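Numbers for residues simply follow the sequence, beginning at 1. Values below: all heavy atoms of this structure, side chains included; hydrogens, waters and symmetry mates excluded. As the structure is a prediction and not an experimental result, all values here were calculated from the model.
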Amino acid sequence: MIPISDDNPTRIVPFFTWAIILACIGVFVWQVSLGESAEERLINAYGFVPDSLLGSGRIRMLEAPAPALTLFTSMFMHGSWLHLAGNMLYLWIFGNNVEDVMGHIRFLLFYLICGVAAALAHGLSNPDSTIPMLGASGAISGVLAAYVLVYPAARVTVILPLGVLLYPVKIAAFFVVGFWFVIQLISAAIADPSQPGVAFLAHVGGFIAGLVLTPFFKYSDIPLFGRHRGPWG
């Protein structure tokens, strides 16, 4: 299922959601403009390398910032246009409503904390890894958790591939996000964290952080666990 929109208007202008999207796009455009060799050095320096923070630190770029800082810089970097587009699509659909129920500053703090938790979850699974992790998906996983806690009944339009056809259907957010999280759990269980690829444990860690933090970051008058009527809305 590929989400493309939701039926859930907001009361505010989601400045920080838009700012994060623009920042990620801008950083990626800058990355690719450097050329392949320079981009690789940038990723190795500013991506999160578990070994630099949690391991022996035997491999570290001379121009790299303090290892703890890469927990944040890595959130704004992506490995490909497809990687960037997928993450920004999810943030565009779900981020505005989460910013709405938290307020601008608390949303930004929530987003960054979930991203850090995601990176640490990934790093702790293989602390000696020298493979840089990058991407906003860990932080966005926390956003998905917040969304489904507050708006489980919201109708999300997803694209279902039926043979050669792409069929749009509205499904309750509880089932869209729940299905996504189950896939992340299964993938994390079978993936080898020592090999390059998708950091599924980062998604799991970011999501769990979002579940834990949302009750403390949302406005007190916003209820949790709204009613949902079934997977087809």
Working for ring pair (Phe, Tyr, Trp, His ring centres under 6.0 Å), residues Phe207 and Phe181: CA-CA 8 Å; Phe207 190 86; Phe181 185 61; 4.2 Å; yes
Main-chain N/O of Phe15 paired to Glu99 side chain as donor or acceptor, under 3.5 Å: yes
Asn97 (side chain) donor-acceptor with Asn8 (main chain) under 3.5 angstrom: yes
Tyr147-Asp6 side chain donor-acceptor pair, cut-off 3.5 Å: yes
Shortest non-hydrogen contact from Asn96 toward Thr17: N-OG1, 3.7 Å
Minimum heavy-atom distance Gly205-Ala117, with the two atoms named: O-CB, 4.4 Å
Single-linkage hydrophobic cluster Ile222~Phe216, side-chain heavy atoms < 4.5 angstrom: yes
Nearest non-hydrogen partners of Ala45 and Thr70, listed with the distance: O-CG2, 3.7 Å
Any donor-acceptor pair under 3.5 Å from Glu39 side chain to Ser33 backbone: no
Set of residues satisfying side chain to side chain contact (heavy atoms under 4.5 Å, CB included) with respect to Asn87, sequence neighbours excluded: His78, His83, Ala136, Ser137, Ile140
Single-linkage hydrophobic cluster Trp81~Leu134, side-chain heavy atoms < 4.5 angstrom: yes
Output a table of donor-acceptor pairs, distance under 3.5 Å, between side-chain atoms of residues 108-116 and any protein atom two or more places apart or on a different chain; print 'none' if there are none.
none

Considering all heavy atoms, the nearest Phe48-Gly123 contact: CE2-CA, 4.1 Å
For the student: nearest non-hydrogen atoms of Met75 and Ala139, plus distance: SD-CB, 4.4 Å
Residue pair Ile2 / Leu89: nearest heavy atoms and the distance that separates them: CG2-CD2, 4.3 Å
Pairwise distance CG(Leu144) to CD(Gln184) - rounded to 0.5 angstrom: 9.0 Å
Transitive ILVMFWY side-chain link Leu42 to Leu69, under 4.5 Å: no
Any side-chain heavy-atom pair of Pro50 and His122 under 4.5 Å: yes
Leu124 vs Leu54, side chain to side chain contact (heavy atoms under 4.5 Å, CB included): CA-CA, chis, key distance, verdict: CA-CA 7 Å; Leu124 289 170; Leu54 304 171; 4.0 Å; yes
Phe179 atom CZ, over 12 foreign heavy atoms within 6.0 Å: no
Short side-chain to backbone donor-acceptor contact, Asp51 and Ser129, under 3.5 Å: no
OG on Ser74 to CE on Met133, rounded to 0.5 Å: 4.5 Å
Leu53 and Leu71, any side-chain heavy atoms less than 4.5 Å apart: yes
Note, Thr214 side chain near Val150 side chain (heavy atom, < 4.5 Å): yes
Connected via hydrophobic side-chain network under 4.5 Å: Phe107 and Ile12: no
Any Trp92 side-chain heavy atom under 4.5 Å of Trp18 side chain: yes
Which donor-acceptor pairs under 3.5 Å do side chains of residues 159-167 form with protein atoms, sequence neighbours excluded?
none

Plane angle bin for Tyr90 and Phe94 - parallel if under 30°, tilted between 30 and 60°, otherwise perpendicular: tilted
Candidate list Val156, Thr157, Val158, test side chain to side chain contact (heavy atoms under 4.5 Å, CB included), partner Ile171, passing option: Val158
Cluster check Phe217, Ile208: I/L/V/M/F/W/Y, side chain < 4.5 angstrom: yes
Worked verdict on Tyr46 versus Met77 for side chain to side chain contact (heavy atoms under 4.5 Å, CB included): CA-CA 8 Å; Tyr46 287 90; Met77 305 175 71; 3.6 Å; yes
